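Since the structure comes first, as structure tokens, the remarks are kept for the end.
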Amino acid sequence: MRLKKGITASALGLTALFALTACTDSAETGASSAPEVNEEASFPEGSTMAELSEAGSITIGTKFDQPLFGLNGPNGPEGFDVEIGKIIAAELGIAAEDIEFVETVSANREPFIESGQVDIVIATYTINDARKEIVSFAGPYYVAGQDLLVSAGNPEGIEGPEYFQENPDAKVCTVTGSTSETNIREYTQSILTAGTYSECLEPLRTGNAVAVTTDNVILAGLADQNQGEFEVVGNPFTEEPYGIGLALEDTEFRNWINDVLEQSYEDGSWEEAWEATAGSVLDTPEPPAVDRY
Ligand code: GLU
């Protein structure tokens, strides 16, 4: 595998020229960086890598409404998850503009992988044992933690999930099919469920819910997008290692993606991807060790 050079000034200029208008559930990227494409990529015959490389395109499921990680903005999908997708595609010899990004929400990630609607999912997707029964995971490439988003000034004085044990009628909003939903059920049954986290903002605004709960980095993106309206409590109560979801039996592809991730840690492209996206709001973390389970 070659070392990549990362973002160049000319790459930044070029991607601006290729900026595309967003569409509702599928889009090509026009975001801010483009890793160098490995034109010499060659793979074992019959492997998923060979198939994708020969096809010259890859379909990636990601979030479309989560600023910092996966947001389908005016220039196409952008965010750290999108950039990780570009790093993987580039090593397959696939340019950023040949990636098809498809919207996945929390509840449809496993079905989209199982049905082959997407080749991989990179979507703030926690690796856990239940999901490992259905899909396979490369990574982790980041570790988040579940937290709470409240109205600015934190009028209820919410410090953690225990608040909901002490106030069983207070409602918290989260998303169906997420680990956030499973985790908060240990504290309360007063839960409003939505299809995506951005749909939880209105109940918080109107007072139908006193908090939104999911991973701290998702909440940080929503707070940043809606300046002055919300704040993150800042007391994470779980560990959410983010993986790249792929077909259950495809160990060869998983191992190869893990190699690409480790390479991106070494050559600086992981850090550049962070700094170009989530890094506008969050400090740059150390990349986590990949788990070759
Ligand atoms: N990381 C958690 C999960 O995969 C919560 C965020 C999300 O729903 O994408 O369920």
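As the structure lists them, so they are numbered: ligands from 1, and atoms in each ligand from 1. Here the structure is a predicted model, which is why all the values come from computation and not from measurement. FYI, the numbering just counts along the sequence from 1.
Using 4.0 Å as the threshold, Lys63 has a heavy atom nearer than that to some atom of ligand 1. The closest approach between any non-hydrogen atom of Arg109 and ligand 1 is below 4.0 Å. At least one heavy atom of Thr214 sits under 4.0 Å from some atom of ligand 1.
If you number the atoms of ligand 1 from 1 as listed, the ones under 4.0 Å from a heavy atom of Ser106 come out as 7 (C), 8 (O), 9 (O). Atoms of ligand 1 found under 4.0 Å from any heavy atom of Tyr242, numbered from 1 in the order shown, are 1 (N). Each of the following atoms of ligand 1 lies closer than 4.0 Å to a heavy atom of Ala123: 9 (O). Shown in contact with Ser180 at under 4.0 Å from a heavy atom are these atoms of ligand 1, numbered in order with element: 5 (C). Residue-ligand proximity, Tyr125 to ligand 1, at heavy-atom distances under 4.0 Å covers atoms 4 (O). Every atom of ligand 1 with a heavy atom of Ile218 under 4.0 Å away is listed here by number and element: 6 (C).
With a 4.0 Å heavy-atom cut-off, ligand 1 is reached by no atom of Glu181. Of all the heavy atoms of Thr124, the ones lying under 4.0 Å from any atom of ligand 1 are found in both the backbone and the side chain.
A chain of hydrophobic side-chain contacts below 4.5 Å, direct or via other Ile, Leu, Val, Met, Phe, Trp or Tyr residues, connects Val212 to Leu282.
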Problem - Check against side-chain hydrogen bond (donor to acceptor under 3.5 Å, both in side chains), Thr193 and Glu181 - result: CA-CA 8 Å; Thr193 50; Glu181 181 190 10; 5.4 Å; no
Practice task
Take Tyr125 and Thr62, measure what side chain to side chain contact (heavy atoms under 4.5 Å, CB included) needs, and give me the verdict at the end.
Solution key: CA-CA 9 Å; Tyr125 197 11; Thr62 196; over 6 Å; no
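Atom 2 (C) of ligand 1 has Thr179 OG1, 3.1 Å as its closest protein atom, hydrogens excluded (heavy atom only).
Taking any N or O of Gln66, backbone or side chain, none lies under 3.5 Å from an N or O belonging to ligand 1. The shortest N or O to N or O distance between Ser178 and ligand 1 is not below 3.5 Å.
With Glu240 as reference, Asn183 is the one residue of Asn216, Asn183, Thr214 to meet the side-chain hydrogen bond (donor to acceptor under 3.5 Å, both in side chains) rule.
Checked against a 6.0 Å centroid threshold, the rings of Trp274 and Tyr141 do not count as neighbours.
You'll find the side chain of Arg205 reaches within 4.5 Å of the side chain of Leu201, heavy atoms only. Contact check for Phe69 versus Tyr242: side-chain heavy atoms found under the 4.5 Å cut-off. Side-chain contact between Leu52 and Asp119 is present, with heavy atoms from C-beta onward closer than 4.5 Å.
A donor atom on one side chain and an acceptor atom on the other are not found under 3.5 Å apart for Asn128 and Thr126.
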